[in-house]
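Notes to accompany the following structure.
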2 protein chains.
Amino acid sequence: MDAQSTRDRIVEAADWLFYRRGFDHTSFADIADTVGISRGNFYYHFKTKDAILAAVIDLRMTNTRVMLRRWEGDGQGPKDRITCFIQILISNQVEIVRYGCPIGGLVSELAKLDHTAQDQATAIFTLFRHWLRAQFAQMGRAGDADTLAMHLLARSQGVATLASAFHDAEFIQAEVGHMCDWVQALEPPTNRNSR
Amino acid sequence: MDAQSTRDRIVEAADWLFYRRGFDHTSFADIADTVGISRGNFYYHFKTKDAILAAVIDLRMTNTRVMLRRWEGDGQGPKDRITCFIQILISNQVEIVRYGCPIGGLVSELAKLDHTAQDQATAIFTLFRHWLRAQFAQMGRAGDADTLAMHLLARSQGVATLASAFHDAEFIQAEVGHMCDWVQALEPPTNRNSR
DNA sequence: CCACCATTAGGACAGGCGTCCCAAAACTCA
DNA sequence: TGAGTTTTGGGACGCCTGTCCTAATGGTGG
């Protein structure tokens with residue numbers, strides 16, 4: 001007895017395939033084969049390929065929200081929570097080395113396809129951006145919290161892309177170390193700030 | 001007197017289209033329309049689509065080499081040359097905001113397509129990597145020159161991706177500033193820095 | 001002039017694509 | 001059980017793709 005509905009299995013397979021092969025290069029036949037259903041059955045659950053993409057993006061949004069909330073429940077300081085974010089590069093390093101960043105990859109591809117869902121995909125980035133911004137603000141860096149959030153996001157993104165291009169997992173580990181050091185060295189609110 | 005042969009015009013159009021629409025999503029018809037020739041004529045110049053891709057990669061390799069050599073001819077120090085590299089994010093900011101990094105985009109896509117030319121595309125990254133490595137070595141950082149080169153490459157790549165995702169040119173300018181400061185602050189080999 | 005070769009246009013071809021239809025199967029519940 | 005609904009499998013449709021062929025064109029040298 002599988003607790004998963006067919007629809008969920010389709011979305012999960014599509015999520016997997018969109019990450020490894022890209023959205024455009026993944027066909028209905030690919031997804032159907034992965035799920036183990038007939039292509040015709042597809043139309044019952046999703047009218048168009050774009051509908052599947054929307055469902056995949058929704059799934060990733062939900063998963064991201066859950067992950068961010070989990071990090072907040074660990075009861076530590078903002079520096080530790082930001083470190084959790086950085087550490088996902090390590091947790092997912094095997095897949096990152098092979099397929100890059102799932103969010104960045106999707107956003108880039110949808111931009112080139114001029115796809116209507118590109119803003120939806122970017123919203124996943126925004127989720128991280130706002131969460132990081134909140135953490136930096138809690139560190140007393142409310143003034144440049146967004147700048148710091150974007151900076152860290154960009155560095156993580158670059159690390160994923162380069163690690164994938166050069167198939168280099170050690171590079172991820174080295175850069176993760178630098179980013180963790182950078183967070184730790186950031187000055188807390190207490191003393192002199194510009195007013 | 002047309003300075004450009006049809007073949008060169010095809011490669012140039014393909015280069016343009018591969019950047020904006022991606023390799024897989026660019027069809028022979030698209031290229032033919034851009035160049036203004038018939039689709040049938042194509043086969044005379046390029047037997048396969050992969051052959052066009054190879055020619056485009058070759059073109060980009062050549063253009064990159066020329067650019068790197070030009071920076072070396074400016075007769076300044078390694079810090080200034082590295083700054084030239086960082087500044088291309090500014091020079092190309094309009095296109096980067098819309099289409100991301102041409103190299104990173106191609107490498108990522110070819111990885112997802114599991115294309116045989118992905119190593120060729122990565123070689124363009126390697127060109128920058130080795131050049132940057134040489135500049136850092138000239139600054140007396142021979143010991144960690146490659147690490148620094150990869151670090152800068154990754155940061156540039158991340159900036160391009162995020163700027164494109166958020167359609168944010170100001171972010172490019174801010175990050176370029178940080179990177180230039182970072183280069184300037186790097187410690188020279190023995191004594192004080194120049195200029 | 002003619003012959004020759006490089007270049008071109010147009011279209012044929014098979015295959016894959018997203019989309020869509022419909023009849024059979026499976027399930028639900030009075 | 002039987003009627004009605006949900007879910008499934010198989011396949012058709014038109015379109016676009018990369019590839020490939022062939023006849024026509026254009027310019028050049030004998």
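Owing to the predicted nature of the structure, the values given are computational and were not obtained by experimental measurement.
- Residue A/Ala29 has its side chain nearest to C/dC17 when only C/dT7, D/dT17, C/dC17 are considered.
- Distances shorter than 4.0 Å separate none of the side-chain N or O atoms of A/Thr48 from OP1 or OP2 on C/dG18.
- Protein atom CZ of B/Phe42 is 12 Å distant from nucleotide atom P of D/dT17, rounded to whole Å.
- Nearest nucleotide to the A/Tyr43 side chain, out of C/dC20, C/dT8, D/dC20: C/dC20.
- Contact check, B/Tyr44 against C/dT7: a side-chain N or O comes under 4.0 Å of OP1 or OP2.
- Side-chain rings of A/Phe128 and A/Phe85 approach one another, their centers coming within less than 6.0 Å.
- OP1 or OP2 of D/dT7 has not a single side-chain nitrogen or oxygen of A/Thr6 nearer than 4.0 Å.
- A/Ile10 contributes atom CD1, which lies 6.5 Å from atom CG of A/Asn41 (distance to the nearest 0.5 angstrom).
- Taking only side-chain nitrogens and oxygens, A/Asn41 never comes nearer than 4.0 Å to OP1 or OP2 of D/dT7.
- You'll find that the side chain of A/Ser27 is closest to C/dG18, out of C/dG18, C/dT8, D/dG9.
- Look at CG on B/Leu113: it is 15 Å from C1' on D/dG18, rounded to the nearest Å.
- The side-chain tip of B/Arg129 does not point at the ring of B/Trp131 from less than 6.0 angstrom away and within 45° of straight on.
- Side-chain N/O atoms of B/His25 include none lying less than 4.0 angstrom from OP1 or OP2 on D/dT17.
- Geometrically, A/Arg20 engages A/Tyr99 in a cation-pi contact, judged by NZ or CZ lying under 6.0 Å from the ring centre and within 45° of the ring axis.
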